[in-house]
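Below is one structure, written out as structure tokens; the observations come after it.
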Amino acid sequence: MPDREAAAWLWLRERLAALRPAARPAAPSEGAAAVVRTAVVTDSASALPADWVSACAEAGLLTVIPMPVMVGEEIYGEGEDDITETIALALAAGKSVKTSRPSPGQFEQAFLAAERGGYESVVSIHISGGLSGTADAARLAAARVNIPVEVVDSGTVGMALGMGVQSAVTAAAAGLESAAVSAAATDQMARTRVYFYVPSLEQLRRGGRMGAAASLLGTMFAIKPILAVDGGKIVPLEKVRSAARAIARLEEIAASDAASRPAGRARLAVHHFGNPAEAEGLAARLAAALPGCPPAQISSLPAVLAAHAGLGVLAVIVGESAPPLMESPLST
């Protein structure tokens, strides 16, 4: 329910304010709130809202590693450069747009910063290893530092990954140990699904994210595919003959999934790239079909994902609000 989400965010903001470096105690005192021992690291494929990231980063609890995007010979870092329009223009012009994993050095610096900040461990949660080598880069960095680091391959992308990160941050802010922080993320991501529509499979084929045969089928017969992320990879879900029907079917699939979730627990996000009006319309129709569900969070697809999905993509992430953490204020 919306009130539940608002209460959880209010609680987290209060905890984050208390966890800023100047306010966070070095050791727990009798009667004090639980001391946070675990920091969380993720990558920009998590599509987290900017204000949410800013609040967590200010407290030193979360670090988001930017994923590089190459447009022609130029390399841009998501979050460091305003690259959305650059990528859109490049894709429209048929120019080369590629992505790469962050360097192990970037992760090493993030892990060391957590150690300097007084954290005892790190949980590092990343885009599916079936789509990127980002988790491997994090593992290489983890072997170079003294602070214990658990690297989690999310097996997913976008806000499906982001919801897992949010659960991890909430668990860490509640003072849970690193194993419980990792478990909170893993459980959330296991209950989250990604469904999306792309006008063309060509960009996915170019990036090696979709088989050549599937791309050829879509091109030859003007099929508009509905895809999903399953087992950490992109898989075809349905093949539809028109864009209008594909979007309508995407809406039906997402609404059916959300309606099957425990009462009051469904949570939605909608991603787009270059077509915000379509995303807003889709979100509005989902809201009408699911009156007990909070309005979907609408956001542009992260550049590292847009580079592969291409212009006109629409994605719906169906997840669940996390259950209360033990006896934390989230349950009130």
Evaluate the side chain to side chain contact (heavy atoms under 4.5 Å, CB included) criterion for residues Ser178 and Arg37: first the C-alpha distance (whole Å), next the side-chain angles of each, then the deciding distance (0.1 Å), finally the verdict.
CA-CA 8 Å; Ser178 61; Arg37 303 296 189 189; over 6 Å; no
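- Residues Tyr195 and Ile317 are not in side-chain contact: their nearest non-hydrogen atoms beyond the backbone lie 4.5 Å or more apart.
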When you look at Arg245 and Glu252, which way does the salt bridge (Lys or Arg N to Asp or Glu O under 4.0 Å) test go after all the steps?
CA-CA 10 Å; Arg245 178 56 187 152; Glu252 292 171 0; 3.3 Å; yes
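- Side-chain contact, Ser300 with His271: no donor N or O sits under 3.5 Å from an acceptor N or O.
- Although no hydrogens or angles enter the test, the distance criterion places no donor-acceptor pair under 3.5 Å between the side chain of Ser124 and the main chain of Val151.
- Follow the hydrophobic side-chain contacts under 4.5 Å out from Val318 and you reach Leu290 in the same cluster.
- In this structure, Ile298 and Ala283 approach most closely via the heavy-atom pair CD1-CB, 3.6 Å.
- Separation of atoms CZ (Arg261) and CZ (Arg191) is listed at 8.0 Å; rounding is to 0.5 Å.
- Residues Leu140 and Val122 are members of separate hydrophobic clusters, defined by side-chain heavy-atom contacts under 4.5 angstrom among Ile, Leu, Val, Met, Phe, Trp and Tyr.
- Using a 4.5 Å cut-off on side-chain heavy atoms (C-beta onward), Gln166 and Met159 make contact.
- A side chain to side chain contact (heavy atoms under 4.5 Å, CB included) with Leu237 is found for exactly one of Leu227, Leu250, Ile226, Val229, namely Ile226.
- Counting only residues at least two apart or in different chains, salt bridge (Lys or Arg N to Asp or Glu O under 4.0 Å) contacts with residues 127-149 comprise Glu108-Arg144, Asp136-Arg139.
- Every residue two or more places apart in sequence or in another chain was checked for a salt bridge (charged side-chain N to carboxylate O under 4.0 Å, His left out) with Asp230, and none qualifies.
- For an aromatic pair to be called close, the ring centres must be under 6.0 Å apart, and His272 with Tyr197 fails this.
- Between the side chains of Ser154 and Thr156, no donor-acceptor pair of N or O atoms lies under 3.5 Å.
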